[in-house]
Amino acid sequence: MAKDFSTRAENYAQWYNDLVIKADLAENSAVRGCMVIKPYGYAIWEKIQATLDKKFKDTGHVNAYFPLFIPKSFFSKEASHVEGFAKECAVVTHYRLMANPNGKGVVVDPEAKLEEELIVRPTSETIIWDTYRTWIKSYRDLPLLINQWANVVRWEMRTRLFLRTAEFLWQEGHTAHATKEEAIQEAERMLDVYADFAENWLAIPVIKGIKSPNERFAGAIETYCIEALMQDGKALQAGTSHFLGQNFAKAFDVKFLSKENKLDYVWATSWGVSTRLMGALIMAHSDDNGLVLPPKLAPIQVVIVPIYKNNEQLALISETANKIKTALQNKGISVKYDDRDTFKPGWKFSEYEFKGVPVRIAIGPRDLENGTVEVARRDTLEKAIYQVTDIENKIGNLLEMIQKNLYHKAFAFREDNTFKADTWEEFVDIIENKGGFVLAHWDGTPETEQRIKDETKATIRAIPLNNKLESGKCIMTGRPSTQRVIFARAY
RNA sequence: CGGGGUAUAGCGUAGUCCGGUCAUCGCGCCUGCUUUGGGAGCAGGAGGUCGCAGGUUCAAAUCCUGCUACCCCGACCA
């Protein structure tokens, strides 16, 4: 992402606010760090949802919904899980308000204290596994492949718009399996689903890998991740998939009778992506003119802007514009014809650039005479004159080209910002001065990773799957290592 | 929770040190006319508890005290 978007917009918050604003209810610190997603931004989220949801269903999953509130006691059942989340939870302690005895407003009724506090879910493992216990009795009940679209709350000390908001929207898949192998396979399969989505829809290249123990999800045996590089050189974890082993099954006593009539604990996975993906989308592709959306996720793929001097001209242009609109729509392309007379063409051009609309078609009197239109693409800002003939196929191809170009651009950026470091000095220099991914040897111990983090703020983002083996020396300790891992500063 | 900073119209701001036509300017908004192929021009207009509460003073956006909120850095964080 460019440093700011203000080059042309003195009030650049304008476009940003069109997408999302931070909740700002004065006098109410309780909503600090939450977000309001405005319609245009939400339309992007809906696209993300729809695409992923279809992929989940294609891989045999179904949706369900579990409670927002989780009894506090559930959290004490899985020790490492509670350690990972207990510090950052919103807790419900009362269930009633009453008029303030002093006459001013309302206060919490002290009489209405809950016997057991409720935690606003920071993630749903506990309540889901408590439920699964009653659903799973036999190997015939397995595998259980369930996904939930929901909001979760994490009381982060410091929030960042899109990337770490106190409340965020996400999906969380929670599956139960009869065997360890099948569960691992599921975790890896869902990682592939995420990677495919990131690369082919978001147009963001990602590294598939596993997390080091330090970065592993609380309660997981193995955490798989897709890791992306943003334009400012920082890494962003775009999605995770966890192999949970039998940890949650044991904590919540979820057992099944196998074919062999043996009682055993089930094997579990969980996987999720969130509204953070929208942050990734913004930071991976945007430029000084605003958002740049890949065609597959753009709520509006093509906008048509008429250029006219009077109503007669507008009527003529509209005729052509609507024909083009219909032709494109018949090809499954989402089109907006913006014939508002309250804004001028130049204004509209800028507005749709802020919003990242991939293709803009301008039609004026000149075009009517020549049977042409002016086509501008958002990714390169290039303009070209197209003959109207067969316009739907030309635009269709252009959209595909833009989708690919965005990916290639992001891929090239990542290549240019991936470095190898063999000495500590080199490593520090790259982290401090260049940013990006740094491939370096590491002795495999959590202590060393922690030391590196303490000194440079860089962490191991991923140990790539199918990593090339290569013997070397740990950049920190000099101890032997068998492979390079990816270090970076991260969001 | 530590360190630093900020709070003035919908947004962004000047003014605060040195109290006295100071409530400034830009964007946005409204009206009218002319415009319309890259955020139009001119004219007119609306809009402010100067974060909140006290205090000092003839006089406070400005000085003092307390509070609150936000931002940045750190700690923290799938």
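Chain letters run A, B, ... following the sequence lines, proteins first and then strands; every chain starts at 1. All values below come from the heavy atoms of this structure, side chains included, with hydrogens, waters and symmetry mates left out.
- Counting any heavy atom pair closer than 4.0 Å across all strands shown, A/Asp341 reaches no nucleic acid atom.
- Out of B/rG38, B/rG37, B/rC77, the shortest distance to the side chain of A/Ser350 is found at B/rG38.
- Among the protein residues, A/Tyr308 comes within range of the nucleic acid bases, having at least one heavy atom under 4.0 Å from a base atom.
- Distance noted for atom P between B/rA7 and B/rG51: 8 Å (whole Å).
- The separation between A/Phe349 atom CZ and B/rG37 atom C1' is 6 Å, rounded to whole Å.
- Only the P atoms considered, B/rC64 is 9 Å distant from B/rC17, to the nearest whole Å.
- Among B/rU36, B/rG38, B/rG37, the nucleotide with an atom closest to any side-chain atom of A/Lys309 is B/rU36.
- Comparing the same atom, P, in B/rU56 and in B/rU68 gives a spacing of 23 Å after rounding to whole Å.
- Across B/rG48 and B/rU6, the matching P atoms stand 27 Å from one another, rounded to whole Å.
- Straight-line distance between the P atoms of B/rU57 and B/rG10: roughly 34 Å, to the nearest whole Å.
- Taking the six-membered ring where tryptophan is involved, the planes of A/Trp129 and A/Tyr132 are perpendicular, since the angle between them exceeds 60° and thus also 30°.
- Distance CG (A/Asn214) to C1' (B/rC76): 15 Å, rounded to an integer number of Å.
- Between A/Trp267 and A/Phe243, the ring planes are parallel. Angles under 30° get that label, and only those over 60° would be called perpendicular.
- For A/Lys457, taking side-chain heavy atoms from C-beta onward, the closest of the listed nucleotides B/rU35, B/rG38, B/rG74 is B/rG74.
- Between the P atoms of B/rC63 and B/rU16, the separation comes to 9 Å (whole Å).
- The residue among A/Arg461 and A/Phe343 whose nearest nucleotide of RNA chain B lies closer to the 5′ end is A/Phe343.
- Note: CD (A/Glu369) to P (B/rG37) measures 17 Å, nearest angstrom.
- A salt bridge does not link A/Glu351 to A/Arg360: none of the charged nitrogens lies less than 4.0 Å from a carboxylate oxygen.
- In this pair, A/Phe217 and A/His242 present their aromatic rings parallel. The plane angle is below 30°, not in the 30 to 60° band.
- Of the candidate nucleotides B/rU36, B/rG38, B/rG37, B/rG37 has the atom lying nearest to any side-chain atom of A/Arg366.
- Taking a pair to require two hydrogen-bonding distances under 3.5 Å in either a Watson-Crick or a G-U wobble arrangement, B/rU13 remains unpaired.
- Here the side chain of A/Ile307 is nearest to one of B/rG37, B/rG38, B/rC77, namely B/rG37.
- B/rA14 and B/rU34 are spaced 40 Å apart, taking the P atom of each and rounding to whole Å.
- Looking at the side chain of A/Lys344, the nearest of the listed nucleotides B/rA40, B/rC77, B/rG38 is B/rA40.
- With rounding to whole Å, A/Gln313 atom CD is found 13 Å from B/rU35 atom P.
- Contacts of A/Arg154 with the nucleic acid, taken as non-hydrogen atoms under 4.0 Å apart, include base atoms.
- Note on A/Glu227 versus A/Lys211: salt bridge recorded, some NZ/NE/NH1/NH2 to OD/OE distance being below 4.0 Å.
- Atom CD of A/Glu351 and atom P of B/rU36 are 21 Å apart (whole Å).
- With a 3.5 Å ceiling on both atom-pair distances, the Watson-Crick or G-U wobble partner of B/rC33 is B/rG41.
- Protein atom CD1 of A/Ile363 is 19 Å distant from nucleotide atom P of B/rU36, rounded to whole Å.
- Considering only heavy atoms from C-beta on, A/His177 comes within 4.5 Å of A/Leu145 through its side chain.
- The distance from atom CZ of A/Arg378 to atom P of B/rG38 is 17 Å, rounded to the nearest whole Å.
- A 3.5 Å limit on both hydrogen-bonding distances identifies B/rG66 as the Watson-Crick or G-U partner of B/rC52.
- Between A/Trp347 atom CH2 and B/rG41 atom P there is a gap of 12 Å when expressed in whole angstrom units.
- The pair A/Glu353-A/Arg378 does not count as a salt bridge, with every side-chain nitrogen at least 4.0 angstrom from each carboxylate oxygen.
- On the C1' atoms, B/rA23 is 9 Å away from B/rG15, given to the nearest whole Å.
- Checking B/rC1 for Watson-Crick or G-U wobble geometry (two distances, each under 3.5 Å) identifies B/rG74 as its partner.
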